[in-house]
Amino acid sequence: MFGTLFFKECKQTVKSLAFWAYVACLILFFVSQLGETDWRIIKPQPGHEGEYGHTYSTDEGLIITKTLRRLTEDYAQNSYTTYPFGFYKRVFLGEKKKAQMGEILAELTGKPVEELEQLGYDYINEESDFYKEAAKSGIEIEMAEPPTPDFEDTLAEGVSFERFLELMEEVDDLLGGGSMYAPARVKNGVQVPQTYEGALKEYQDIIEKDRYSGAFARLFCDYMGLMVAILPVFPAVARTLRDKRSKALPALYSKQASSACILLARYLALLTATMVPIVALAGFAQIQCSVTAGTAGISADTFAFFKYVGGWMFPTATFTLAMGLFVSELTGSVAAILVQGILWFTSVFQSIDTLIGNFGLKLIPRFNSLGNTELFERELSSLIGNRIFYGILSLILIASAVFVYDWKRKGGGIHFGSLRKNK
């Protein structure tokens with residue numbers, strides 16, 4: 001019974017215009033974002049300082065000095081950038097909170113509150129002069145690194161890194177949350193110019209730990225995950241509403257198959273149809289990556305893209321479809337598209353200032369970097385927890401969809417926003 005229903009649902013799904021629109025959007029997005037990807041990884045050569053890009057340092061002293069410089073500049077201008085719930089917000093503190101911020105900075109720097117504003121403006125002017133000189137010298141702004149105060153000149157005596165993080169939490173609370181000073185973000189490290197030694201180690205990590213294709217697979221999941229978090233909801237809604245438009249619900253409700261059997265067959269058919277194009281694109285990218293690595297005499301991981309798609313993108317697809325089916329069954333409308341759209345925008349904005357790591361509970365995990373293997377390894381446990389969370393949430397949503405479907409089969413419906421039995 002289940003197998004028959006599953007194959008019928010698969011046929012219905014692939015006949016849907018919404019499904020083929022989904023496939024077309026996936027292909028167009030892949031071509032636009034990854035179609036011209038250079039699958040080569042060039043071994044860095046010495047003597048090219050300033051051309052090795054950036055990396056993230058977890059050196060505690062460097063984290064403290066760079067964070068304090070930024071905080072002192074923000075304090076001087078009384079202007080802070082935050083992203084509460086993923087949306088951009090500029091925060092200006094009132095007199096009371098500004099005084100509290102000054103006390104925190106005074107404890108951290110050992111400098112009186114009266115000097116902090118002037119110190120902040122000195123940093124700003126120093127940075128501005130540096131970038132002007134860099135521009136005159138023809139140095140790209142992205143590669144330029146403004147001067148950083150000496151460690152001894154910024155941190156007050158006796159302040160430990162643990163105390164520093166405690167005070168950063170207080171700073172984040174004063175700003176309403178979602179700031180760059182949240183301890184979780186601070187501990188992830190600060191961006192610094194890459195050295196030749198660092199670039200060489202990064203190259204070796206990609207070859208040995210990622211086995212070449214693993215690094216590209218992360219980039220694939222980063223980009224394509226954006227689409228999988230929103231596009232599948234359209235086929236899910238279209239499939240649910242198709243029965244309503246064709247007035248087939250009475251016939252479906254009278255079937256001998258259980259509600260769980262019907263809904264699970266539909267859900268798994270949609271999930272299969274959603275993942276097949278993703279796996280096909282991953283296979284296409286895997287072939288290019290493996291061939292390029294082989295040409296360079298490097299043995300690539302033949303299944304890296306498929307492993308990353310399964311662990312990284314599959315939970316996103318399960319959640320998006322489960323949400324689509326649940327809300328569609330509950331409301332009998334296209335409201336699921338609005339709900340998923342809000343979740344999608346929220347997740348995208350949550351990552352607007354942290355495109356590498358800091359996964360948390362974001363629906364769309366971002367790691368927009370080719371390499372940074374060491375950072376990814378540090379955050380892997382967080383990513384695994386994130387994916388398990390959305391897997392469990394998907395099960396809850398699909399179970400709820402089965403409950404609503406079964407309720408409707410028994411004569412239930414939505415009346416004034418609540419589920420009730422029709423008389």
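These numbers were taken from a predicted model, which means no experiment stands behind them.
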Whether over 12 other heavy atoms sit under 6.0 Å from F303 CZ: no
Please determine whether the number of non-hydrogen atoms from other residues, nucleotides or ligands lying under 6.0 Å from atom NZ of K98 exceeds 12. yes
T81 and R90 side chains, donor-acceptor separation under 3.5 Å: yes
Heavy-atom side-chain contact between M323 and L321 under 4.5 Å: no
Sorted by chain and number, sequence neighbours left out, side chain to side chain donor-acceptor pair (under 3.5 Å) with S333 holds for T331
Hey, mind stepping through E166 and R163 against salt bridge (Lys or Arg N to Asp or Glu O under 4.0 Å) and telling me if it holds? CA-CA 5 Å; E166 289 175 4; R163 177 56 180 163; 3.1 Å; yes
Locate the shortest heavy-atom distance separating F19 from T13; write the atom from each residue and the value. CB-O, 3.3 Å
Indicate whether the side chain of Q12 and that of R242 have a donor and an acceptor atom separated by less than 3.5 Å. yes
Considering only residues two or more places apart or on different chains, which pairs with a residue in residues 303-313 satisfy side-chain hydrogen bond (donor to acceptor under 3.5 Å, both in side chains)? R218-Y308, D301-K307
When you compare the side chain of M101 with that of L175, does any pair of heavy atoms fall below 4.5 Å? yes
Counting heavy atoms not belonging to E374, are there more than 12 under 6.0 Å from its CD? no
side-chain hydrogen bond (donor to acceptor under 3.5 Å, both in side chains): which pairs involve residues 270-287, sequence neighbours left out? Q286-S290
Distance only, no hydrogens: is a donor on one side chain within 3.5 Å (strictly under) of an acceptor on the other, for R387 and T316? yes
D59 (side chain) donor-acceptor with L62 (main chain) under 3.5 angstrom: yes
Can you tell me how the ring of F6 sits relative to the ring of F2, calling it parallel under 30°, perpendicular over 60° and tilted otherwise? parallel
Check the side chains of T373 and D205 for a donor-acceptor pair under 3.5 angstrom, ignoring hydrogens and angles. no
Ring centre gap for F234 and Y22 strictly below 6.0 Å: no
Y80 side chain near S179 side chain, heavy-atom distance below 4.5 Å: no
Heavy atoms of other groups near F7 CZ, more than 12 under 6.0 Å: no
Does any non-hydrogen side-chain atom of F326 lie less than 4.5 Å from one of I398? no
Does the side chain of D210 reach to within under 4.5 Å of the side chain of F216, using non-hydrogen atoms? no
When you compare the side chain of K8 with that of T4, does any pair of heavy atoms fall below 4.5 Å? yes
Can you tell me if NZ on K209 sees more than 12 non-hydrogen neighbours from other groups inside 6.0 Å? yes
When you measure from the side chain of N78 to the backbone N and O of L93, does any donor-acceptor pair fall under 3.5 Å? yes
